[in-house]
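See structure below.
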Amino acid sequence: MARLRETIRYILRGGPPIDGLPDRVQAEIRAREAASERLIGWVQLALVLFFASLYLLAPRAEGSAGFNFVPIALGAYFLFTVTRLALSYRFELPEWFLLISICVDMALLVGLIFSFHIQYDQHPTFYLKTPTLMYVFLFIGLRALRFDPRFVLTTGMVAVVGWIGLVAYAIFSDMGGMRVTRNYVEYLTGNSILLGAELDKTMVILAVTVLLSAALYRGRSMLFEATRDHSAAMDLKRFFSPEVASSITEAHQALEAGEGSLRDAAILYADIRSFTSTSAVLPPETVLAVLAEYQNLAVEVITREGGQVDKFLGDGILATFGAVSPSETYAADALRAAQALVVAMTEAQDRFKTAGWPSDLRVGTAVAAGPVTVGVIGSKNRLEFTVIGDAVNRAAKLEDANKAQQSSALTDCMSLDLARSQGYSGDAVDIRPSSKVSGVSGPVDLAVLAR
């Protein structure tokens with residue numbers, strides 16, 4: 001019994017519950033459903049305009065003697081469709097309004113079918129043979145565009161009730177001259193009722209409704225999963241560069257730790273001077289506000305020069321050039337970014353002071369180029385996309401050396417020569433051969449890019 005109640009509850013709510021999904025996913029699903037409802041409105045408007053044009057252009061069927069309800073039905077449906085479409089752009093249509101819309105759709109169609117025996121001055125059994133019944137499947141199919149099986153099921157059920165009502169009226173309207181027959185020829189050629197034929201029509205409507213609803217119940221679960229995955233993929237692009245996020249979300253196979261490739265790239269490190277000691281005496285919200293200003297500006301400069309931010313390390317930034325996406329000018333781009341970063345930070349001092357930084361915010365940055373391994377590291381349950389190699393270590397050590405060299409931007413002469421071969425035209429402020437760099441074995445020829 002409990003299982004039956006859960007099944008009924010599952011059907012009534014239209015599939016899996018939306019309540020357990022994150023708010024942003026629920027909002028996206030509702031936005032998609034609202035867009036689907038507008039699409040349904042436009043399709044219905046196109047249909048009614050098409051049928052109106054067809055009615056005006058096509059020759060009239062012969063034998064019509066009574067009142068013609070078609071123009072009235074088309075006009076009423078046009079006004080109702082336009083009103084519903086206009087409202088769908090003003091606010092999200094509530095479910096009760098959609099249910100009323102379904103009833104109006106079916107009432108107009110059933111009423112139009114009913115009017116045929118009046119228009120052609122025939123017994124009510126006459127309208128049971130009209131092909132207009134086929135338009136029921138248009139209304140049922142249109143409701144599938146919303147991807148909510150409840151509305152498809154409701155449309156089909158209302159259509160079945162409407163058709164049964166038409167059949168019942170045809171049977172009982174003339175009890176003195178019962179017109180029910182078992183003769184198929186008599187049914188086709190006269191105003192008789194073949195109950196088996198009407199049952200067939202009813203069963204087809206029911207079957208199409210149930211099959212389409214069952215497909216949508218399964219499809220709605222997939223919609224929820226797809227929307228949640230899409231939302232997660234969009235969030236992923238905020239944590240990684242677009243190229244890295246795409247390589248993760250568009251991978252043909254699940255990524256595993258240990259997968260990677262060797263590429264020639266340049267690594268840029270950036271770090272705020274005296275950040276730890278200064279932030280220790282500032283409120284947390286001030287520290288985060290300053291970091292946000294600094295990181296937004298740094299990402300803008302790095303991205304403009306063709307780099308991708310690999311990770312934020314507190315007040316430090318690790319960026320790559322040519323690692324995620326192969327580049328022919330990776331070293332030149334990185335050196336331009338390093339110099340542009342120093343200039344941009346100098347020009348943005350008012351922004352940092354407005355955010356609460358008590359003194360001039362100074363940045364140290366360094367670039368090193370060479371082969372790096374780009375790939376996935378970690379455990380089977382916790383992965384990280386990163387770069388590994390001597391160039392990464394050298395860039396970090398060179399950035400630390402800015403303090404000893406009293407500079408703002410450093411690189412080694414090997415990376416500078418490589419950058420020049422790739423079109424870099426900037427000048428080094430100073431060349432300091434055979435310099436000692438802490439953490440690097442042996443002397444290093446340094447090139448100061450900015451003091």
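Quantities reported herein were computed from a predicted structural model and do not represent experimental measurements.
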Yes or no on side chain to side chain contact (heavy atoms under 4.5 Å, CB included) for Asp105 and Leu108, after CA distance, side-chain angles and deciding distance? CA-CA 5 Å; Asp105 292 342; Leu108 283 170; 5.6 Å; no

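- Between Leu47 atom CG and Tyr77 atom OH the span is 7.5 Å, to the nearest 0.5 Å.
- Under the 3.5 Å distance criterion, the side-chain polar atoms of Ser415 are left unmatched by any main-chain donor or acceptor of Thr411.
- With a 6.0 Å radius and a threshold of 12 heavy atoms from other residues, nucleotides or ligands, Glu285 has its CD atom above the threshold.
- Ring centroids of Tyr127 and Phe114 are separated by less than 6.0 Å, placing the two rings close together.
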Go through it in stages, so that I can follow the logic: the residues are Leu133 and Lys201, the test is side chain to side chain contact (heavy atoms under 4.5 Å, CB included), and I'd like the CA-CA distance, side-chain angles, deciding distance and then a yes or no. CA-CA 9 Å; Leu133 174 64; Lys201 296 174 188 176; 3.8 Å; yes

Walk me through whether Thr329 and Phe321 qualify under side chain to side chain contact (heavy atoms under 4.5 Å, CB included). CA-CA 9 Å; Thr329 58; Phe321 294 76; over 6 Å; no

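- When each of Lys353, Met345, Arg273 is paired with Asp360, the side chain to side chain contact (heavy atoms under 4.5 Å, CB included) condition holds for Lys353 and for no other.
- Between Leu335 and Leu416, some side-chain heavy-atom pair lies under the 4.5 Å cut-off.
- Contact of the Leu361 side chain with the Thr278 side chain is not registered, since no non-hydrogen atoms from C-beta on lie closer than 4.5 Å.
- Leu98 has its side chain out of reach of Thr154: every pair of non-hydrogen atoms, C-beta onward, lies at least 4.5 Å apart.
- Phe312 has its side chain out of reach of Leu318: every pair of non-hydrogen atoms, C-beta onward, lies at least 4.5 Å apart.
- A donor-acceptor contact shorter than 3.5 Å links the side chain of Tyr294 to the backbone of Asp315.
- Rounding to the nearest 0.5 Å places OG1 of Thr132 at 3.5 Å from CZ of Phe116.
- The backbone N or O of Ser408 lies less than 3.5 Å from no partner atom in the side chain of Arg362, so there is not a single donor-acceptor pair.
- Residue Ser279 holds its OG atom at 10.0 Å from CG of Leu288, rounded to the nearest 0.5 Å.
- For the pair Ile102 and Phe151, the tightest heavy-atom approach, listed with the atom from each and the gap, is CD1-O, 3.7 Å.
- Between Arg394 and Asp412 there is a salt bridge, since a side-chain N of the basic residue sits under 4.0 Å from a carboxylate O of the acidic one.
- Distance CE/Met157 to OG1/Thr209: 5.0 Å, rounded to 0.5 Å.
- Taking all atoms of both residues into account, the shortest heavy-atom contact from Ala391 to Gly370 is CB-N, 3.9 Å.
- Atom CD of Gln349 is surrounded by more than 12 heavy atoms from other residues, nucleotides or ligands within 6.0 Å.
- Residues Leu282 and Pro358 have side chains in contact (heavy-atom distance under 4.5 Å, counting atoms from C-beta outward).
- Of all non-hydrogen atoms in Ala366 and Ala395, the two that sit nearest each other are CB-O, 3.7 Å.
- Between Leu418 and Tyr424 there is no side-chain heavy-atom pair separated by less than 4.5 Å.
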I'd like to know whether Ile140 forms a side chain to side chain contact (heavy atoms under 4.5 Å, CB included) with Ile205, so could you lay out the CA-CA distance, the side-chain angles of the two residues, the decisive distance to 0.1 Å, and finally the verdict. CA-CA 9 Å; Ile140 295 174; Ile205 296 174; 4.2 Å; yes

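- No more than 12 heavy atoms of other residues, nucleotides or ligands lie within 6.0 Å of CZ in Phe50, so this atom counts as exposed by the packing criterion.
- Checked by atom type and distance alone, the side chain of Thr303 never pairs as donor or acceptor with a backbone atom of Glu300 at under 3.5 Å.
- Taking all atoms of both residues into account, the shortest heavy-atom contact from Phe137 to Val208 is CE2-CG2, 3.8 Å.
- Atom CG of Leu398 is separated from atom OG of Ser438 by 11.5 Å, given to the nearest 0.5 angstrom.
- In the model, Asn402 has a side-chain atom that pairs as donor or acceptor with a side-chain atom of Ser407 under 3.5 Å.
- Within the 4.5 Å cutoff, the side chain of Leu446 has no heavy atoms near those of the Ile431 side chain.
- Residue Asp271 holds its CG atom at 4.5 Å from CD of Glu399, rounded to the nearest 0.5 Å.
- Residues Ala270 and Leu341 share a closest heavy-atom pair of CB-CD2, 3.8 Å.
- Using a 4.0 Å cut-off between charged nitrogen and carboxylate oxygen, Asp333 and Arg336 count as a salt-bridge pair.
- Residues Met106 and Val161 have side chains not in contact (no heavy-atom distance under 4.5 Å, counting atoms from C-beta outward).
- Scanning all heavy atoms of the two residues, the minimum distance from Thr286 to Ala355 falls at CG2-O, 3.5 Å.
- Side-chain N or O atoms of Gln339 include one that pairs as donor or acceptor with a backbone N or O of Leu449 at under 3.5 Å.
- Ring planes of Phe275 and Trp357: parallel class, angle under 30° (limits at 30 and 60°).
- For Arg143 and Glu37, the salt-bridge test passes: some basic side-chain N is under 4.0 Å from an acidic carboxylate O.
- With Gln422 contributing its side chain and Tyr330 its backbone, the two residues share a donor-acceptor pair below 3.5 Å.
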